[in-house]
Amino acid sequence: MSTVNLGKQHPDLYKSMLAFSQQADAAVAASGLDPKLGELVKIRVSQINGCAFCLRMHTRDAIKLGESSDRLAVVAAWWESQYFSDIESAALALAEEVTELPVPARGSWDTGVLSEEQVSAISWLAVVMNGWNRIAIRSHYPVAP
């Protein structure tokens with residue numbers, strides 16, 4: 001029994017995680033950040049964690065919001081491109097820092113372009129996405145064409 005669907009095994013915990021995720025999305029919206037940036041953060045966190053299920057889902061969500069295929073193609077190397085604004089770059093760097101928890105903290109995202117509310121919202125979004133990635137990977141959610 002190496003595979004257990006965590007959501008089916010403990011549905012109340014899964015529902016709590018879903019509510020937590022919705023609160024993080026609401027915090028991003030309330031902070032004035034573009035919903036497409038929220039999806040880019042979810043995609044980048046999922047790339048770092050290697051979660052194919054979440055990558056597919058949030059790439060599709062980003063496309064529905066009007067995100068371009070060019071930007072999606074380079075989000076894994078966002079710092080090497082000129083596709084992302086200062087705010088987007090700071091948010092992606094912050095999400096990477098929250099995901100990787102480097103010691104000592106890098107702080108490369110801290111350029112002053114994000115408000116305290118936006119730093120908090122992106123941090124919570126990255127925390128939630130890390131949780132979802134672990135649930136999907138541990139549950140071995142299928143990702144087939």
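In what follows, every heavy atom counts, from backbone to side chain, and hydrogens, waters and symmetry copies are set aside.
Tested against Arg138 for a side-chain contact (heavy atoms from CB on, under 4.5 Å), the candidates Asn133, Thr3, Leu6 yield a single pass: Leu6. Val45 pairs in a side-chain contact (heavy atoms from CB on, under 4.5 Å) with only one of the listed residues (Leu40, Thr99, Val98), which is Thr99.
Summarising the geometry of Ala90 relative to Thr111, their closest heavy-atom pair is CB-OG1, 4.3 Å, with the distance given to 0.1 Å. Closest heavy-atom contact between Ile87 and Leu37: CG2-CD2, 4.2 Å. Annotation for Glu67 and Arg71: closest pair OE2-NE, 2.5 Å, computed over non-hydrogen atoms. In terms of heavy atoms, Lys8 sits closest to Pro11 at O-CD, 3.6 Å. Across every non-hydrogen atom of Leu114 and Ala91, the tightest pair is CD1-N, 3.9 Å. Gln47 approaches Val75 most closely through the heavy-atom pair NE2-CG1, 3.3 Å.
A donor-acceptor contact closer than 3.5 angstrom links the side chains of Glu96 and Trp78.
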| Phe53 and Trp132: ring-ring contact (aromatic ring centres under 6.0 Å, His included), yes or no, with the steps? | CA-CA 10 Å; Phe53 182 86; Trp132 279 123; 9.1 Å; no

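Checking side-chain atoms of Arg56 against main-chain N and O of Ala144 turns up a donor-acceptor pair under 3.5 Å. The backbone N or O of Glu116 lies less than 3.5 Å from no partner atom in the side chain of Ser120, so there is not a single donor-acceptor pair.
Atom CG of residue Leu125 and atom CD of residue Gln23 lie 12.5 Å apart, to the nearest 0.5 angstrom. With rounding to the nearest 0.5 angstrom, the CD atom of Glu97 is 6.5 Å from the OG atom of Ser108. Once rounded to the nearest 0.5 Å, the distance linking CD of Glu117 with OG of Ser31 reads 5.5 Å. Rounded to the nearest 0.5 angstrom, Ile122 CD1 and Met129 CE are separated by 13.0 Å. One distance of note links CE of Met57 with SG of Cys51; it measures 7.5 Å at 0.5 Å rounding.
Note on Val113: it clusters hydrophobically with Trp109, by side-chain heavy-atom contacts below 4.5 Å among ILVMFWY residues. Under the 4.5 Å side-chain heavy-atom criterion for grouping Ile, Leu, Val, Met, Phe, Trp and Tyr, Met17 is connected to Val28 within one hydrophobic cluster. Connection of Leu18 to Val128 is established within a shared hydrophobic cluster, with ILVMFWY side chains joined at heavy-atom distances below 4.5 Å, either directly or through further cluster members. Placement of Leu72 and Leu55 within a single hydrophobic cluster is found when ILVMFWY residues are connected by side-chain heavy-atom separations under 4.5 Å, directly or transitively. Under the 4.5 Å side-chain heavy-atom criterion for grouping Ile, Leu, Val, Met, Phe, Trp and Tyr, Leu13 is not connected to Val127 through any hydrophobic cluster.
Residues Trp79 and Leu92 are not in side-chain contact: their nearest non-hydrogen atoms beyond the backbone lie 4.5 Å or more apart. Taking the side chain as every heavy atom from C-beta outward, Glu100 and Ile48 approach each other to under 4.5 Å.
Lys36 has no carboxylate O lying under 4.0 Å from a charged side-chain N of Glu39, or vice versa, which leaves the two without a salt bridge.
Atom NE2 of His140 has more than 12 heavy atoms from other residues, nucleotides or ligands within 6.0 Å.
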